[in-house]
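Here is the structure we will look at.
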Protein chains: 2
Amino acid sequence: MNIGDVARLSGLPAKTIRYYEDIGLITPKRAENGYRRFRESDLHKLSFLGRARSLGFSIEDCRTLLALYEDQSRASADVKALARGHLNKIEAKIAELQQMHDTLSHLVKACHGDDRPDCPILADLATPAET
Amino acid sequence: MNIGDVARLSGLPAKTIRYYEDIGLITPKRAENGYRRFRESDLHKLSFLGRARSLGFSIEDCRTLLALYEDQSRASADVKALARGHLNKIEAKIAELQQMHDTLSHLVKACHGDDRPDCPILADLATPAET
DNA sequence: CATAAGGCTTCCATTCACTGGAAGGTCAAG
DNA sequence: CTTGACCTTCCAGTGAATGGAAGCCTTATG
């Protein structure tokens with residue numbers, strides 16, 4: 001398979017696939033003409049990576065997950081710990097965004113939004129933080 | 001005031017303040033020795049920027065907000081539209097993270113997390129997307 | 001007066017995970 | 001033979017800083 005084929009099948013852009021080779025996540029063979037030649041196992045890895053990335057795992061996490069996946073003697077505890085750690089980060093990020101959201105939606109509601117300059121949003125921004 | 005003073009007072013790192021000058025958000029004067037000389041108005045702008053950034057506004061949004069803030073004849077509708085747009089992005093991001101969170105926490109719960117290799121998290125990642 | 005500590009300057013590189021684009025080689029169809 | 005779709009590499013840019021090196025400037029102390 002050429003890169004266009006695995007791109008279609010994995011749903012990843014060809015650029016991204018080349019990048020993944022660059023950073024050593026996959027190591028496709030080369031044909032005589034220099035084209036990358038992908039095997040089923042490469043495609044499988046790429047799909048795995050795409051799914052892991054869509055769950056928000058970092059590239060380094062993906063590297064670890066791939067290694068665990070291929071290690072037949074892995075402990076599921078290791079996978080779970082990694083996922084749990086990522087989940088914690090997601091939760092922290094959601095909490096942070098929720099905080100922004102609450103503050104901002106309050107301000108947006110308070111702003112009458114007409115052609116007058118008076119604006120509670122700008123007033124808040126101009127006010128020293130009250131943490 | 002030197003950069004260290006405004007850094008302390010605004011809560012922003014000196015590096016960040018220099019960067020803000022670089023991209024034209026502030027334009028402090030210079031003393032004879034080459035040091036940046038900040039005025040009260042610069043400090044005020046920096047605090048404004050810090051607060052806006054903490055609400056997640058992009059640098060370009062901050063630039064616009066600052067311009068609106070300084071435009072005495074602004075329409076509050078313009079500020080509100082910008083904030084509303086940002087709020088939409090926050091909501092989209094929260095929804096995306098919440099989706100990741102739901103999927104991942106389900107998987108984490110399903111993983112027994114012991115020393116056996118069997119793992120529903122890896123099984124999910126190895127499964128083609130079902131979108 | 002010398003020196004040491006701390007503050008200031010600029011400039012360059014790095015982060016993360018791609019993405020865009022240029023310049024050029026390869027291949028199959030008409 | 002040419003067109004167009006692929007493929008290749010390499011370089012640069014994204015956002016928003018952050019880290020570090022090399023080298024002035026200032027202030028306090030011995």
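In the text below, chain A, chain B and the rest are named by the order of the sequence lines, each starting its count at 1. The analysis underlying the following values was restricted to heavy atoms, covering all of them including side chains, and did not include hydrogens, waters or symmetry mates. Just so you know, these numbers come straight off a predicted model, no measurement behind them.
- Look at B:Arg18 and B:Glu21 and you find no salt bridge, because none of the NZ, NE, NH1 or NH2 atoms lies under 4.0 Å from a carboxylate O.
- Put simply, CZ on B:Arg8 is 11 Å from C1' on C:dG6, counting in whole angstrom units.
- Put simply, CZ on A:Arg37 is 16 Å from P on C:dT26, counting in whole angstrom units.
- Going from atom CD1 of A:Ile3 over to atom P of D:dC6 covers 13 Å, rounded to whole Å.
- The stretch residues 21-32 of chain B comes close to DNA chain C through B:Arg30, each having a heavy atom under 4.0 Å from the strand.
- Neither OP1 nor OP2 of C:dT26 sits under 4.0 Å from any side-chain N or O of A:Arg36.
- A close approach under 4.0 Å does not occur between any side-chain nitrogen or oxygen of A:Asn33 and OP1 or OP2 of D:dC7.
- Looking only at atom types and distance, the side chain of A:Glu60 has no donor-acceptor partner in the side chain of A:Thr64 under 3.5 Å away.
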Starting at the 5' end of nucleotides 14-19 of chain C, put B wherever the base has a protein heavy atom under 4.0 Å, S where only the sugar-phosphate does, and a dash everywhere else. ---BBS
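- The minimum heavy-atom distance linking A:Ile59 with A:Ile23 is given by the pair CG2-CD1, 3.6 Å.
- One distance of note links CZ of B:Arg74 with CG of B:Leu65; it measures 10.5 Å at 0.5 Å rounding.
- Atom NZ of B:Lys93 and atom C1' of D:dG15 are 13 Å apart (whole Å).
- Interatomic distance, A:His44 NE2 to A:Phe48 CZ, rounded to the nearest 0.5 Å: 8.0 Å.
- Dense packing is recorded around NE2 of B:His112, with more than 12 heavy atoms of other residues, nucleotides or ligands lying under 6.0 Å away.
- Here A:Arg18 reaches the OP1 or OP2 of D:dT8: one of its side-chain N or O atoms lies under 4.0 Å away.
- For A:Tyr35 and C:dG24, the OH to C1' distance is 11 Å, given to the nearest whole Å.
- For B:Arg8 and B:Asp5, the salt-bridge test passes: some basic side-chain N is under 4.0 Å from an acidic carboxylate O.
- By the 4.0 Å N-to-carboxylate-O rule, B:Asp114 lies close enough to B:Arg116 to be salt-bridged with it.
- Classification of B:Glu96 and A:Lys93 as a salt-bridged pair fails, no side-chain N sitting under 4.0 Å from a carboxylate O.
- Distance NZ (B:Lys89) to C1' (D:dG15): 13 Å, rounded to an integer number of Å.
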